[in-house]
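Letters A, B, ... are given to chains in the order of the sequence lines, protein chains preceding strands, and every chain is numbered from 1.
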Protein chains: 2
Amino acid sequence: MAKQNTVFKDAFNRCLKLLAETSMLPSEPELGQALGVSRTTVRAILTRSEELGLISWDKRRKTVLRSPGPSDYFPTEETDSLAERIERSFMRRILAGGAEPGMQINELELAREIGTGTTSVREFLIRFSRFGLIEKRPNSHWVLKGFTREFALELTEVREMFELRSAARFVALPDEDPAWDELKAIEAVHRAILSDIDKRYKEFSELDERFHLLVHRSSSNRFIIDFYDVIAIVFHYHYQWNKAHARERNARALEEHLAYIAALQSRDPRQVEQACRRHLKSARETLLQSIP
Amino acid sequence: MAKQNTVFKDAFNRCLKLLAETSMLPSEPELGQALGVSRTTVRAILTRSEELGLISWDKRRKTVLRSPGPSDYFPTEETDSLAERIERSFMRRILAGGAEPGMQINELELAREIGTGTTSVREFLIRFSRFGLIEKRPNSHWVLKGFTREFALELTEVREMFELRSAARFVALPDEDPAWDELKAIEAVHRAILSDIDKRYKEFSELDERFHLLVHRSSSNRFIIDFYDVIAIVFHYHYQWNKAHARERNARALEEHLAYIAALQSRDPRQVEQACRRHLKSARETLLQSIP
DNA sequence: TTTCTGTCTTTTATCTACAATAGACAGATG
DNA sequence: CATCTGTCTATTGTAGATAAAAGACAGAAA
């Protein structure tokens, strides 16, 4: 196998959903636009849809013949890109499995375990190295530096610098900036989750990312925004991993967010700084608690 | 060709220098230590040295027979690692050649131009992407974001945050920290260059990197230290590129550095902040002036 | 005239193969 | 008995090949 056709499979699945809602599909370029793929892939999707008897296709006439059933879809395991699969496997290994700092990472072994070639693993490790958790010894192996207390402290130190700076920029955004509307929307979701916290506390993780990314974006600084990737991935896996007291933690964080959001809306830099510092402090403590 | 043997060639050249100074080479492990390579490579070096009649080699007895001449060395072009060659070619293209932002970057074309396989180019681009100058469109090309005014401003914004923080940490280092000695050594080089500025102003670039890296190191934060790579590469190529008024610029920067160093040595946080800010401000202005 | 389709070319993503390099182990040597 | 050498194995770095996906262009259709 050279290239996986996950783009095709994933787009095909998404196309089936569109197909369920109309009787006539649009033009190829339009469909490509809607699915975010090239015409080549669109045509592959149409070909397969025709073969399955889902549509009849004659040039510009693409008529839906029947609604897609569950068996028409590709299984979800096959629609994830290789990079996603590698990331998951890798994070599971280093977070769940015995992940002692200093451990060697073996490309070939990892590749075999994941069932892929070494090139992809290698490229993943190179990309991943910017998260500061692994390091390359040239002409030799990678070394796991480990998700340690130092790591968490270094990460949060930079995070705090960047977020304070971004928050200070946020209050200076012009009234018509779309960020204000997004902030309102985010606030509303916070209230909704809080009012049904017992059932919905798990939604916090995703909301957290959405909120902080919005703040970081207002820095208009690519380095600050890019760094948020590091924070996001660490917190993402951290939430998955450390579920103790999740409900209470999330409830408290939601409250802190609301105070922080109110401060942003007040546009008073001092209030913002205060609320931001308070929230970041407790976020840091939570993260540190989960590290032995 | 599978793997380049640049490690061997480079180590061989360095070994010739050692060889010129002794009549008897040490043991294989010791030699490996000195050259920073494995025993496998050491033995390859010894084998070749023997073939060239430079030494006689019998088990532990490695006697130097003659001093190496110029023709014994590998040409320097062959000792650079592939990654270095790719970096240079790439930087020349995007800094010197018409490097309009938005330009597409083609892996295959680059590889052909440099005379290497696509894999290496790809891996280089992935590593390089963390410098914020290029961006990947998945399943498609890379886009050059360009060495623009915004880039320089975003870079210096973060640089200033990080360096102020690091400098503040520096003054808190214990007296016995080796950084203080290194700082003294750096100061001495500054004075030496300044006293012969007309001839030696070109040495500033390297000294600048050495000094700022020392400061950043005292942050003990991997993200801050890693970020210095970005700064270093940008300034490195910037110095190579923009030579107008280099003498005056460097003389001024040297003076600023001396003030900054004195402030660090005074251990007075307020003086440090002032001197640091002053220097960073003029560094930013210099950088911006070189951008159209 | 504008947008669409059929066809073709180019480029990327990924696998496999292989030389260079690192590293392990047992027996040799001082 | 500690260190070195000979030999062997494992792993990385790089090239080359190939399917998937993107994208270009000319002629067809509205």
Side-chain angles (χ1 to χ4, degrees), chain A residues 1-11 26-32 35-47 57-62 81-83 86 104-112 115-126 136-142, chain B residues 1-11 26-32 35-47 57-62 81-83 85-86 104-112 114-126 136-142:
Chain A
M1 257 161 288
K3 199 171 178 174
Q4 312 284 107
N5 56 353
T6 55
V7 171
F8 161 69
K9 286 177 175 170
D10 183 52
S27 75
E28 294 173 12
E30 209 169 322
L31 211 51
L35 297 168
V37 295
S38 73
R39 261 189 66 218
T40 308
T41 307
V42 167
R43 289 171 70 84
I45 292 170
L46 292 173
T47 304
W57 177 26
D58 181 49
K59 307 201 169 169
R60 311 198 172 193
R61 196 156 227 90
K62 310 175 193 75
S81 83
L82 195 44
I86 296 178
Q104 294 184 10
I105 298 166
N106 184 317
E107 293 177 4
L108 195 61
E109 192 186 326
L110 245 157
R112 269 195 296 249
T116 162
T118 48
T119 318
S120 319
V121 169
R122 228 179 128 69
E123 290 181 1
F124 166 77
L125 291 172
I126 294 172
K136 177 116 194 82
R137 297 288 148 81
N139 286 309
S140 183
H141 48 255
W142 293 82
Chain B
M1 256 162 287
K3 200 172 176 172
Q4 313 285 109
N5 56 353
T6 56
V7 172
F8 161 69
K9 287 178 174 171
D10 183 52
S27 76
E28 295 174 13
E30 210 169 323
L31 212 50
L35 297 169
V37 296
S38 74
R39 258 190 69 220
T40 308
T41 306
V42 167
R43 289 172 68 83
I45 292 170
L46 292 173
T47 305
W57 177 27
D58 180 49
K59 306 199 172 171
R60 308 193 175 197
R61 197 155 225 91
K62 311 176 193 75
S81 83
L82 195 45
R85 291 214 318 273
I86 296 178
Q104 294 184 10
I105 297 166
N106 185 317
E107 293 176 3
L108 195 61
E109 190 187 323
L110 245 156
R112 268 194 297 248
I114 302 172
T116 165
T118 49
T119 318
S120 320
V121 169
R122 225 178 130 69
E123 290 181 2
F124 166 76
L125 291 172
I126 293 172
K136 175 117 194 83
R137 297 289 148 80
N139 287 308
S140 183
H141 49 255
W142 293 83

With no angle test and no hydrogens, is the base of dT5(D) tied to the side chain of K59(B) by a donor-acceptor pair under 3.5 Å? no

Can you check whether N106(A) has a side-chain N or O nearer than 4.0 Å to OP1 or OP2 of dT12(D)? yes

Under 4.0 angstrom between R60(B) side-chain N/O and dT5(D) OP1 or OP2: no

dA13(C) phosphate, OP1 or OP2, under 4.0 Å from T119(A) side-chain N/O: no

N/O (side chain, K136(B)) to phosphate O (OP1/OP2, dA13(C)) under 4.0 Å: yes

Under 4.0 Å from OP1 or OP2 of dC15(C): is there any side-chain N or O of S120(A) that close? yes

Reckon T40(A) touches a base, only the sugar-phosphate, or nothing at all at heavy-atom distances under 4.0 Å? base

Taking only side-chain N and O atoms of S38(A), does any of them lie within less than 4.0 angstrom of OP1 or OP2 on dG23(D)? no

It should be established whether K62(B) places a side-chain nitrogen or oxygen under 4.0 Å from OP1 or OP2 of nucleotide dT5(D). yes

What is the separation between atom CZ on F8(B) and atom P on dA22(C), rounded to the nearest whole Å? 12 Å

With a 4.0 Å cutoff (strictly under), does any side-chain N or O of S27(B) reach OP1 or OP2 of dC4(D)? yes

R122(A) side-chain N/O to dG13(D) phosphate OP1/OP2 under 4.0 Å: yes

Can a side chain N or O of T41(B) be found less than 4.0 Å away from OP1 or OP2 on dA22(C)? yes

Counting just side-chain N and O atoms, does T116(A) come under 4.0 Å of either OP1 or OP2 of dC15(C)? yes

